[in-house]
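Quick notes on the structure that follows.
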Amino acid sequence: VIPRRPGASDGDRPEYWRGSSEREVSVHQWGDDTVVYVRRSAETHWLDSEAASAYLLLRATPRPVTLAELATHLGRAESEGHTDLSELLEELSELGLAIPDGPAP
Amino acid sequence: VIVSDLSSAQLRAALAGPGLRVRTGPVVTRISSRLAEVVNGVHLHYAQHPVVDAASFTDFHVSIRRPYGPRRWFKRQVLFDFDGDTPFTPLPGDQGMPMLEWGMNWCVSNHFHQYVTIHAGAVERGGRAIIVPAPPGTGKSTLCAGLSFSGWRLLSDELTLIDPATGLIHGLARPIGLKNASIEVLRRFSPDVRIGPTVHETTKGSVAHVAPPPASVAQVDRPARPAWIVLPRYLAGSQATLEPMPQAEAFMQLVDNSFNYHLHGARGFAVLAALVDGCDCYRFTYGDLSEAAARFALLAASPGS
């Protein structure tokens, strides 16, 4: 475990996200099932429907997308909050599918 | 010229001397050996395969030989040579023929990258092929062997070669490797099979190879269109059951069982995705080979897409 500096923080969770492009990621779908190939890692992943839906929205939108927009797209109620969405996006980021594009304003 | 056109003396002389260049589908292998069991094995298992002249391009140069030193005579061993190198540790002296087959598989799976190669069996009937991807021990080779002797054309029991340009399967029609109880199962299943000697106490247990059906060898140059992906599971006492499998799952099975998908990168992804697009995908559980063959005959009779 790396000791944290006193007063250090992770900062705010990113609010804006964008998707990796067609050049970086190949996508194929069968109904609700989506598989992706990430060129940088040379890894192939089978995404669950929510992760696929989130990634495809990010990729199809030519500007960074907010957590609120993503929540609406996925049919989430406002009251649910965005914590698990942030976690989902961080997982997509680890896979090379999503890129944080700025902190919360 | 095919191997069975050669007399025993000619075959022995070729294997002991310049090597015998045998074509198995798109692969040409020069085989050398002085060992009697290898000469007999080639005679039995490659009887119908074309012999290629020395001027033709040869993909792999392999030999099975005794090691130099005491193990040539005492507690004998065999070695597999590939292009002058010995990539494997020696095996006990009676395992020359299995070692040749395993070595030839290794040559293709490790070096034949113009194809996307899946660790899978494949058989064809009526212009449509089944791909049977599976790890060892799932009944893949037994199923392929049974189908190959009941109306299906053997493409391979082990290595399915997908041409990235066309998406078609190119067959090898090489001997089928069987293990343990499967050897007797196939012997009972079809009196037409020609099974080589059983070699005991290998790393895989008791193994024997089955000569490919002559008709499969004769048609090996005809590529086949993949129509089904079937993930088998042998379960003693179970009824033959074919259950639909999601295409994404079948795709991931192909990826996981591919030898060189990672080398093809995004093209490999596109090739396998297109392949799965054209296939119906199933899980198949079986406990009896005859019942399995009957179930697949029904599949072959189903309307094609």
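Throughout, a chain's letter reflects where its sequence line sits, starting with A, and its residues are numbered from 1. Model, not experiment: these values are computed from the prediction.
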Contact check, side chains of B:Val28 and B:Phe57, non-hydrogen atoms, under 4.5 Å: no

Sort by residue number and list every residue of residues 63-76 of chain A having at least one heavy atom under 4.5 Å from chain B. none

Does a side-chain heavy-atom distance below 4.5 Å link B:Leu231 with B:Pro133? yes

Tell me which donor-acceptor pairs, judged by distance alone and kept under 3.5 Å, run between chain A and chain B, one pair per line.
unit_1, atom_1, unit_2, atom_2, d
A:His28, NE2, B:Asp277, OD1, 3.0
A:His28, NE2, B:Asp277, OD2, 3.0
A:Trp30, NE1, B:Asp277, OD1, 2.8
A:Thr44, OG1, B:Tyr261, OH, 2.5

Cut-off 4.5 Å, heavy atoms of chain B, and the answer for A:Val25 is neither

So do the side chains of B:Phe251 and B:Cys279 get within less than 4.5 Å of each other, counting heavy atoms only? no

So which pairs with a foot in residues 91-100 of chain A pass side-chain hydrogen bond (donor to acceptor under 3.5 Å, both in side chains), sequence neighbours left out? none

Tell me, with the steps shown, if B:Leu272 and B:Val255 meet side-chain contact (heavy atoms from CB on, under 4.5 Å). CA-CA 8 Å; B:Leu272 293 189; B:Val255 169; 4.1 Å; yes

Take B:Ile229 and B:Val132 through the side-chain contact (heavy atoms from CB on, under 4.5 Å) test and state the conclusion after the steps. CA-CA 6 Å; B:Ile229 297 165; B:Val132 186; over 6 Å; no

Heavy-atom side-chain proximity of A:Leu89 to A:Leu58 below 4.5 angstrom: yes

Do the non-hydrogen side-chain atoms of B:Val108 and B:Leu161 ever get within less than 4.5 Å of each other? yes

So, do B:Ile131 and B:Val230 sit near enough that their side-chain heavy atoms are less than 4.5 Å apart? no

Please report whether the ring centroid of B:Phe296 lies less than 6.0 Å from that of B:Phe284. yes

